[in-house]
Amino acid sequence: MRIGELAKLSNTPTRSLRYYEEQGLIVPRRLDNGYREYDPHLIDRAVQIRGLIDSGVPTRIIALILPCLDKPRGIVPEDIEPELLTILRQERDKMSHRIDFLTRNRDSIAVYIDAADAALERRTAGSAA
DNA sequence: CTTCTTACA
DNA sequence: TGTAAGGA
């Protein structure tokens with residue numbers, strides 16, 4: 001499929017798909033006319049990359065993570081470079097921090113919403129059936 | 001009409 | 001990232 005179809009199926013802007021290619025993630029083969037040709041299985045990859053970027057993970061880290069995610073679950077190569085493992089640990093911790101941050105803000109918003117709902121409830125009480 | 005590259009905001 | 005230009 002060409003870039004337009006992948007964009008629809010993965011709900012990712014063509015602009016982003018070209019950017020992913022520029023960053024070395026998802027490098028499609030080219031047709032004779034120069035158009036990008038993507039394999040169907042890349043739909044999931046595009047969704048995953050978009051998700052990681054939306055989550056604040058830099059593309060250079062995503063490039064390091066994708067190969068790991070491709071490997072079958074539970075199977076880890078014997079030659080793990082301590083260098084990569086260190087970076088992965090740091091990234092995991094950053095993700096945890098972002099999650100904690102979002103959790104706190106979500107809870108704050110939830111409290112506000114509950115208060116607003118309560119106020120609305122009081123205001124409309126009796127005016128309905 | 002779809003895609004391509006380059007470039008600006 | 002969105003958008004525009006200028007081609008194929």
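Every chain is numbered from 1, with letters handed out A, B, ... down the list of sequences.
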Heavy-atom count around Arg30(A) CZ within 6.0 Å, excluding the residue itself: above 12?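 Yes - once you tally the heavy atoms of other residues, nucleotides and ligands closer than 6.0 Å, there are more than 12.
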Round to the nearest Å and state the distance from [X] atom [atom1] to [N] atom [atom2].
X: Arg29(A); N: dT3(B); atom1: CZ; atom2: P; result: 15 Å
X: Leu6(A); N: dC4(B); atom1: CG; atom2: P; result: 11 Å
X: Ile49(A); N: dT1(C); atom1: CD1; atom2: P; result: 11 Å
X: Glu37(A); N: dC4(B); atom1: CD; atom2: P; result: 11 Å
X: Lys8(A); N: dC1(B); atom1: NZ; atom2: P; result: 12 Å
X: Asn33(A); N: dT3(B); atom1: CG; atom2: P; result: 11 Å
X: Arg15(A); N: dA7(B); atom1: CZ; atom2: C1'; result: 10 Å
X: Leu17(A); N: dC4(B); atom1: CG; atom2: P; result: 10 Å

Just to confirm, is there a sub-4.0 Å distance from OP1 or OP2 of dC4(B) to any side-chain nitrogen or oxygen of Arg36(A)?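 Yes, Arg36(A) has a side-chain N/O under 4.0 Å of OP1/OP2 on dC4(B).
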Would you indicate what [X] reaches in the nucleic acid, counting non-hydrogen atoms under 4.0 angstrom: base, sugar-phosphate, or nothing?
X: Arg18(A); value: base
X: Ser16(A); value: sugar-phosphate
X: Arg50(A); value: nothing

Could you tell me which nucleotide pairs with dA8(C) by Watson-Crick or G-U wobble geometry, both distances under 3.5 Å, or answer none if nothing does?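 Paired with dA8(C), as far as the under-3.5 Å criterion goes, is dT2(B).
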Tell me which of Tyr35(A) and Arg30(A) sits closer to the 5' end of DNA chain B, going by the nucleotide each one is nearest to. Tyr35(A)
Looking only at N and O atoms, is any donor in the side chain of Tyr19(A) or the base of dT1(C) less than 3.5 Å from an acceptor on the other one? no
Ignoring hydrogens and angles, does a donor from either the side chain of Arg2(A) or the base of dT3(B) sit under 3.5 Å from an acceptor on the other? no
Within a strict 4.5 Å, meaning less than it, do heavy atoms of the Ile26(A) and Glu21(A) side chains meet? no
Quick one: does Gln90(A)'s side chain get under 4.5 Å of Asp93(A)'s, heavy atoms only? no
Gln23(A) side chain vs Arg60(A) backbone, donor-acceptor pair below 3.5 Å: no
Test item: Arg50(A) side-chain N/O and Ser10(A) main-chain N/O as donor-acceptor pair under 3.5 Å: yes
